[in-house]
Participant: 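Please find one structure pasted underneath; my questions will follow.
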2 protein chains.
Amino acid sequence: MTTKRASATKTSIRRGTNLPRMGDFNESVVLDAIRRHKAGLSRVELAEATGLSAQTVSNITRRLLDQGVARESGKQSTGSGKPRTLLQVTPGARYAIGVHLDPAVITYVLLDLLGTVVARRSEPTPRGVHTEALLAGMAASVGALVEDSGVDQERVLGLGIAAPGPVDPVAGLVIDPPELPGWGSVPLRERLEADTGFPALLDKDVVAAAVAERWSGAATDSRNFLFFYLGTGSGMGLVVDDTVLRGSSGNVGEVGGLGAACSSRALVEEAIELGALGHEFTPTDPQDAQRSLEHLARIAAKGEPRAAGIIDRWGVRIGRGVTAAATLLDSDTIVFGGPLWPLLAPRLLPLIEPMVAESPFVKPVHATTVTTTAIGEDVAAVGAACLVLDRTLSAQPRSLLLA
Amino acid sequence: MTTKRASATKTSIRRGTNLPRMGDFNESVVLDAIRRHKAGLSRVELAEATGLSAQTVSNITRRLLDQGVARESGKQSTGSGKPRTLLQVTPGARYAIGVHLDPAVITYVLLDLLGTVVARRSEPTPRGVHTEALLAGMAASVGALVEDSGVDQERVLGLGIAAPGPVDPVAGLVIDPPELPGWGSVPLRERLEADTGFPALLDKDVVAAAVAERWSGAATDSRNFLFFYLGTGSGMGLVVDDTVLRGSSGNVGEVGGLGAACSSRALVEEAIELGALGHEFTPTDPQDAQRSLEHLARIAAKGEPRAAGIIDRWGVRIGRGVTAAATLLDSDTIVFGGPLWPLLAPRLLPLIEPMVAESPFVKPVHATTVTTTAIGEDVAAVGAACLVLDRTLSAQPRSLLLA
């Protein structure tokens, strides 16, 4: 009789690792190091920076050169001894596609290995269209993006999708999104994989933004930062102990409980109610809401008191929210971004910065930097592509574990 | 001339790994798996659960048996074929000491490999005493704890210290704690290491509590939980994606920004002000505050309306705070514990549970379980010892990275 021992496979057991995993990981570590030093690194510097032996570094760089992912890029004088050959990433060796599904607009980008956007297109998000037409349209746009760029399909690693929450990253779909009627039932990732031929990943937009920020490192080198994203909705991407958090269902970053959530729709509704915007402005459709909000931001900048009041009150809620989250997570940096941020930053940044600096909760231990993403308004689309780069090329200790 | 290339060693570069690291990691994985199955696991089950090859499992279990850390514990019938030998952890093979420095009381525990408390002592936290006397007293208590337990010193892996925040885990000290005058200048970890001869670690009390909960797995198997700790102060330990978070300075878990912070001193002050407690109760000293709060909880339980109101209002703030944090971090479980929790749970649990269940932020994606730690009032001291067990024996992917 077989003893019942179901608990033997419970999920809390860590998986082990083995030699092939180790080899892949060390290759990622070396590639990551080269990528982060655009001026190039010598083999000696690589061994120093990664802790790997000279022999291991030499084997790995040989493989990277053979694959065309890295290239030799000149000599570095060392004073005494013979000059060292520098290694750099070949930007065009690999590419990744990013798709940002926003309720107002769908943005498509193609990134090279250094995270540079080499092609971009965007289209208004279709409304009231059949699922099949939606998917066919997206697949066609992905195809056109790659086609128009002239990039060899074979060099495209895959396709990342950033979507508003709640998402189900495992099933690869969006769950009943209030601003995206009809999309809730679409097995988005699976269908785009099938229709485009590229392997696909899906994550929440704010998670993708945090991945982009960590991948690029342009705005911050911090290992512990929050990314506050302002778009059709708002939320936070979280990086703690140098890791992008995802949580139990991939839905990290909801800021409703912190009082910092706000949609462009809610802001425009308030503005109409208070008379800051006339009734010709409507919040019914995400695209209308975005246009109305742009107008609100413009009149607030000119000093219209009701418009300024609406934005400032939201700014105070955001300031409290990021302070609470930064304290809870012991973050040393807060990055702001998303399509609405450039519009609102001139008013919100001078308001939020002192709130964070003067918080009694954060102060005693360390300062907290408040900054703006260097990636621009497409940060979620860039982040979607970075999901692929990060999964495929980044040195994640978790990737060492056996599947 | 040497080119200046300081950026080559910037911290954002991941370290590589090597064979010895891999061997240690896989050994931890196997030990972890055996530990989590008190009834024992066969080698075949170990290979299945960890993904390691039969040969690797066989080599590792041989080493663990040789070290005395594991033992063979009977046969498992498999129906057909020969019965499989089961492996179990030898609880008394290794031990760890935990010290919880609380403003009211210092607790010392000795844990075996299975996390069972085999010895315990506690002493009121000395006040107005010289640093040297403080340290000498703590070192003597650690010595007495081990001595009285009869455990062989050689089997003690080390000593963990849990302290109220803010802490500096790198320097190993507490930073200007308001309730612990004089302690801020004590290089606690270094001095206890020198005076006891055991290697020491220091972490924040709420971080230690989360480590204890994850190590024991008694209250939850969740990979994404919050530990809300109620003691002389309150705070949260955070586990996301199966990892205990520490943050940029080791000070994760401050709940002031969430409105959920409260000290026993503040509750007692409010109770005296509202007349729920007479002026014979004082909050001046953490020990007095604790005794006064116990009285407040007792009269609230009997229905004294002002006392009940004070505790319920705090409960609502805690409920809002844990809901906000669980939503932000996508946690599926909230664990409550700490010395004040048994006192307040009968009143707070029925209040907080529905707040979490009915939260509009958490609901759409998954349910959130609210539960009580199974470790008891000494969870921070047990957690302090678990810091050592976790660091030494747990399978952490980060431990694979070269130093």
Side-chain angles (χ1 to χ4, degrees), chain A residues 1-3 7-10 12-17 22 25-26 29 32-33 36-37 41 45 48-52 76-79 166 175 217 221 224 240-241 245-249 251-254 256-258 323-325 327-332 361 364-366 395 397-398 400-402, chain B residues 1-3 7-10 12-17 22 25-26 29 32-33 36-37 41 45 48-52 76-79 166 217 221 224 240-241 245-249 251-258 323-325 327-332 361 364-366 395 397-398 400-402:
Chain A
M1 203 194 76
T2 313
T3 322
S7 66
T9 52
K10 69 180 186 182
S12 53
I13 289 186
R14 288 266 188 203
R15 306 288 285 178
T17 187
M22 196 177 100
F25 177 78
N26 284 338
V29 165
D32 227 35
R36 286 178 188 274
H37 293 86
L41 277 181
E45 287 172 315
E48 250 169 50
T50 62
L52 294 169
Q76 175 197 0
S77 162
T78 56
I175 302 165
D221 252 355
N224 288 275
V240 180
D241 303 337
L245 305 187
R246 285 190 166 80
S248 65
S249 66
N251 283 293
V252 140
E254 294 299 313
L258 299 173
T323 304
T327 317
L328 181 67
L329 298 172
D330 194 16
S331 324
D332 56 24
F361 312 118
V365 191
H366 55 75
R398 271 157 204 278
L400 279 158
L401 307 189
L402 294 165
Chain B
M1 200 193 78
T2 312
T3 320
S7 65
T9 51
K10 70 180 183 180
S12 53
I13 290 186
R14 289 266 189 202
R15 304 291 282 178
T17 186
M22 195 178 101
F25 178 76
N26 284 338
V29 166
D32 227 33
R36 285 176 188 275
H37 294 86
L41 277 180
E45 288 172 313
E48 253 169 47
T50 61
L52 294 170
Q76 174 197 1
S77 163
T78 56
D221 251 354
N224 289 275
V240 180
D241 303 336
L245 305 187
R246 285 192 166 79
S248 66
S249 66
N251 283 294
V252 140
E254 293 298 314
V255 296
L258 300 171
T323 304
T327 317
L328 181 69
L329 298 173
D330 194 16
S331 325
D332 57 24
F361 312 117
V365 192
H366 55 74
R398 271 156 206 280
L400 280 158
L401 308 188
L402 295 164

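Residue numbers begin at 1 in each chain, while the letters A, B, ... track the order of the sequences. Since the structure is predicted, the reported quantities are computational estimates derived from the model, not experimental observations.
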Participant: Checking A/Leu400 against chain B: side chain, backbone, both or neither under 4.5 Å from a heavy atom?
Facilitator: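 For A/Leu400, the side chain is the part near chain B, not the backbone.
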Participant: Can you tell which part of A/Asp330 gets under 4.5 Å to a heavy atom of chain B, answering side chain, backbone, both or neither?
Facilitator: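 For A/Asp330, the contact with chain B is made by backbone and side chain together.
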Participant: Between the side chain of A/Asp241 and the main-chain N/O of B/Gly247, is any donor-acceptor distance below 3.5 Å?
Facilitator: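 Flag set: sc A/Asp241 to bb B/Gly247 pair under 3.5 Å.
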Participant: Search all heavy atoms of A/Ala324 against all heavy atoms of B/Gly257 and return the closest pair with its distance.
Facilitator: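 Where A/Ala324 meets B/Gly257 most closely, the heavy atoms are CB-O, 3.4 Å.
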Participant: Are any of the side-chain heavy atoms of A/Leu402 and B/Thr50 separated by less than 4.5 Å?
Facilitator: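 They are not in side-chain contact.
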Participant: Do A/Leu245 and B/Leu245 make a side-chain contact, defined as non-hydrogen atoms from C-beta onward lying under 4.5 Å apart?
Facilitator: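 A side-chain contact under 4.5 Å exists here.
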Participant: Looking at B/Arg14, is its backbone amide N or carbonyl O close enough to the side chain of A/Asp32 to form a donor-acceptor pair, meaning the two atoms are under 3.5 Å apart?
Facilitator: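 No; judged by distance alone, with no hydrogens or angles, the pair does not exist.
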Participant: Report yes if the side chains of A/Val240 and B/Val240 come closer than 4.5 Å at any heavy-atom pair, otherwise no.
Facilitator: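 No. Closest side-chain heavy atoms not under 4.5 Å.
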Participant: A/Ser331 and B/Ser248: which non-hydrogen atoms are nearest, and at how many Å?
Facilitator: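 Where A/Ser331 meets B/Ser248 most closely, the heavy atoms are C-OG, 4.1 Å.
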Participant: Give the minimum heavy-atom separation between B/Val29 and A/Arg15, together with the two atoms involved.
Facilitator: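 Between these two residues, the closest heavy atoms are CG2-O, 3.6 Å.
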Participant: Name the option with the most non-hydrogen atom pairs under 4.5 Å to chain B; the candidates are A/Ala325, A/Gly253, A/Ser249, A/Ala33.
Facilitator: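 Winner by heavy-atom pair count: A/Ser249.
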Participant: As an exercise, state the distance from CG of B/Leu258 to OG1 of A/Thr327, rounded to the nearest 0.5 Å.
Facilitator: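 Those atoms lie 8.0 Å apart.
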Participant: Just wondering, do A/Val252 and B/Leu328 contact through their side chains at under 4.5 Å, heavy atoms?
Facilitator: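 Not in contact.
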Participant: Of all of A/Asp332, A/Leu329, A/Asn251, which one pairs up most often with chain B through heavy atoms under 4.5 Å apart?
Facilitator: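 Ranked by heavy-atom pairs under 4.5 Å with chain B, first place is A/Asn251.
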Participant: Of the backbone (N, CA, C, O) and the side chain (C-beta and beyond), which part of B/Asn26 lies under 4.5 Å from a heavy atom of chain A, both, or neither?
Facilitator: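 Contact with chain A: side chain only.
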